[in-house]
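Numbers for residues simply follow the sequence, beginning at 1. This is a predicted model, so every value here is computed, not measured.
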Amino acid sequence: MILVTIDVLEVLLPILYFITIWAYAKAFFSGHPKARKISTPLLTVTLLAHLTYLLGRTAAFEHPPITSIFEILSVIAFSISLAYLLLELKTRVKATGYFVLNLPFVFQLVSSLFIKDQIDVDPVLKSNLLGIHVSSALLGYAAITISAVYGFLYLMLYHKIKSSRFGVIYERLPNLEVLERLSFVSTAIAFVFLTVAIAVGLIWLPRAFPESSYIDPKLFGTLLIWLVYGIGLAARKLAGWYGKRIVVLSILGFAFTLISMTVIDIFFSGFHKFY
């Protein structure tokens, strides 16, 4: 029964994400009141279905869904959507959902098309602590991605205002102050989740790899990302940094994150290569 549910949800999830994006797009570009009303409930239903899918895979195969790139893509899709929903509920700003939710739709579509069932895996991948560590890290990366999206939207709107080009983007997007605040709140969420991921990872590592050390490029990369966002939060609170400087810092952190998740993971990391 669980396997049938998993197979159904693999097909259903990209469809649910597409319908959700359609509602957010309709609300943004057409100002359709019904689309605006149903967009958040649709996202909530999609997330509940996605959570059921991930928990189902965990139960069926007895390990967190992090044993292949396609499982991880699905977790990232869920993480970005969840981080966005938390941000939307906190700020009551819905006008940017279309721009953010295209990413999880693409990630889940690729995952659903190419994912394979992983039954025999390294025992280390069955650790619940590892599941918490990776989930927290991916939620942090998801919030970083959302912060960067808001940063890019801020810069796009900033240049449109500077060049006096006003269109639907200018009319529908929140103002610069709101976009900067959204980017900042996303940064704060990312910092919290990365803090949890680092703390749990430091506890889990000696249990899983007794002979290993903390000298690992991926660990240093994650600490660098954590430090960049910590500096950004401190600079806004203590030094009064606002606007473009904070936005550029969030995009810089996103660039570091991409390097960490690609170049460092593939070519330099040690024990982080276990999957």
Side-chain angles (χ1 to χ4, degrees), residues 9 11-51 74 76-110 112 139 141-190 236 242-244 246-248 250-251 254:
L9 287 174
V11 176
L12 186 60
L13 280 173
I15 297 172
L16 286 174
Y17 274 109
F18 180 81
I19 294 171
T20 302
I21 291 170
W22 174 84
Y24 275 95
K26 192 81 171 174
F28 182 82
F29 291 104
S30 303
H32 198 286
K34 188 174 181 179
R36 179 177 174 82
K37 184 177 180 181
I38 67 171
S39 56
T40 303
L42 275 173
L43 177 57
T44 304
V45 169
T46 301
L47 276 169
L48 289 174
H50 204 153
L51 179 61
S74 185
I76 292 176
F78 175 80
S79 301
I80 293 174
S81 302
L82 177 60
Y84 170 77
L85 179 62
L86 293 175
L87 189 64
E88 182 182 296
L89 294 175
K90 179 177 177 60
T91 62
R92 303 297 179 185
V93 176
K94 304 177 68 168
T96 57
Y98 167 74
F99 298 95
V100 174
L101 295 174
N102 275 286
L103 291 171
F105 165 67
V106 172
F107 289 158
Q108 184 55 47
L109 178 62
V110 173
S112 292
L139 281 167
Y141 291 151
I144 286 171
T145 302
I146 293 172
S147 177
V149 170
Y150 288 134
F152 284 120
L153 290 174
Y154 178 100
L155 294 177
M156 181 175 65
L157 185 59
Y158 177 85
H159 288 297
K160 283 186 177 295
I161 293 172
K162 290 274 287 186
S163 60
S164 299
R165 287 184 292 150
F166 307 112
V168 66
I169 298 295
Y170 172 80
E171 293 173 0
R172 303 291 186 188
L173 277 179
N175 60 40
L176 292 176
E177 182 181 354
V178 171
L179 287 173
E180 190 265 342
R181 180 165 61 89
L182 289 170
S183 181
F184 173 77
V185 173
S186 301
T187 297
I189 293 173
R236 194 178 192 275
Y242 288 93
K244 199 172 180 180
I246 289 293
V247 164
V248 170
S250 74
I251 295 174
F254 178 66

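Between the side chains of Ser81 and Tyr17, at least one donor-acceptor pair of N or O atoms lies under 3.5 Å.
One distance of note links CG of Leu48 with CG of Leu43; it measures 9.5 Å at 0.5 Å rounding. The distance from the OG1 atom of Thr40 to the CZ atom of Arg92 is 9.0 Å, given to the nearest 0.5 Å. In this structure, OG on Ser186 lies 10.5 Å from CZ on Arg181, to the nearest 0.5 angstrom. Distance OG/Ser74 to CZ/Phe107: 11.5 Å, rounded to 0.5 Å. One finds the CD atom of Gln108 at 11.5 Å from the CD1 atom of Ile80 (value rounded to the nearest 0.5 Å). Leu85 CG to Thr46 OG1: the interatomic distance, rounded to the nearest 0.5 Å, is 10.5 Å.
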Trace of the side chain to side chain contact (heavy atoms under 4.5 Å, CB included) decision for Ile161 with Leu176: CA-CA 10 Å; Ile161 293 172; Leu176 292 176; 4.0 Å; yes
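In plain terms, the two heavy atoms of Tyr84 and Thr96 that are nearest each other are CE1-OG1, 4.0 Å. Residues Ile251 and Ala148 approach most closely at CG1-O, 4.4 Å, considering heavy atoms. For the pair Ile21 and Leu101, the tightest heavy-atom approach, listed with the atom from each and the gap, is CD1-O, 3.3 Å. Closest of all the heavy-atom pairs between Tyr98 and Tyr24 is N-CB, 3.8 Å. Nearest heavy atom pair, residue Leu47 against residue Leu82, reads CD2-N, 3.7 Å. Contact between Phe105 and Pro14 at its shortest, heavy atoms only, is CE1-O, 3.4 Å.
The main-chain N or O of Val247 is found under 3.5 Å from a side-chain atom of Ser250 such that the two form a donor-acceptor pair. For the pair His50 (side chain) and Ser79 (backbone), a donor-acceptor distance under 3.5 Å is absent. Between the Lys94 side chain and the Arg36 main chain, a donor and an acceptor come within less than 3.5 Å of each other. Ser183 places no side-chain N or O within 3.5 Å of a backbone atom of Tyr150 that could act as its donor or acceptor partner. Distance alone, capped at 3.5 Å, is enough to place a donor-acceptor pair between the Thr91 side chain and the Leu87 backbone. Ser112 places no side-chain N or O within donor-acceptor distance of the main-chain N or O of Leu109, the cut-off being under 3.5 Å.
Annotation: side chain to side chain donor-acceptor pair (under 3.5 Å) contacts of Thr145 (sequence neighbours excluded): none.
Ring geometry, Phe28 versus Phe99: the interplanar angle exceeds 60°, so the pair is classed perpendicular (tilted spans 30 to 60°).
Between Leu182 and Ile146 the shortest side-chain heavy-atom distance does not fall below 4.5 Å.
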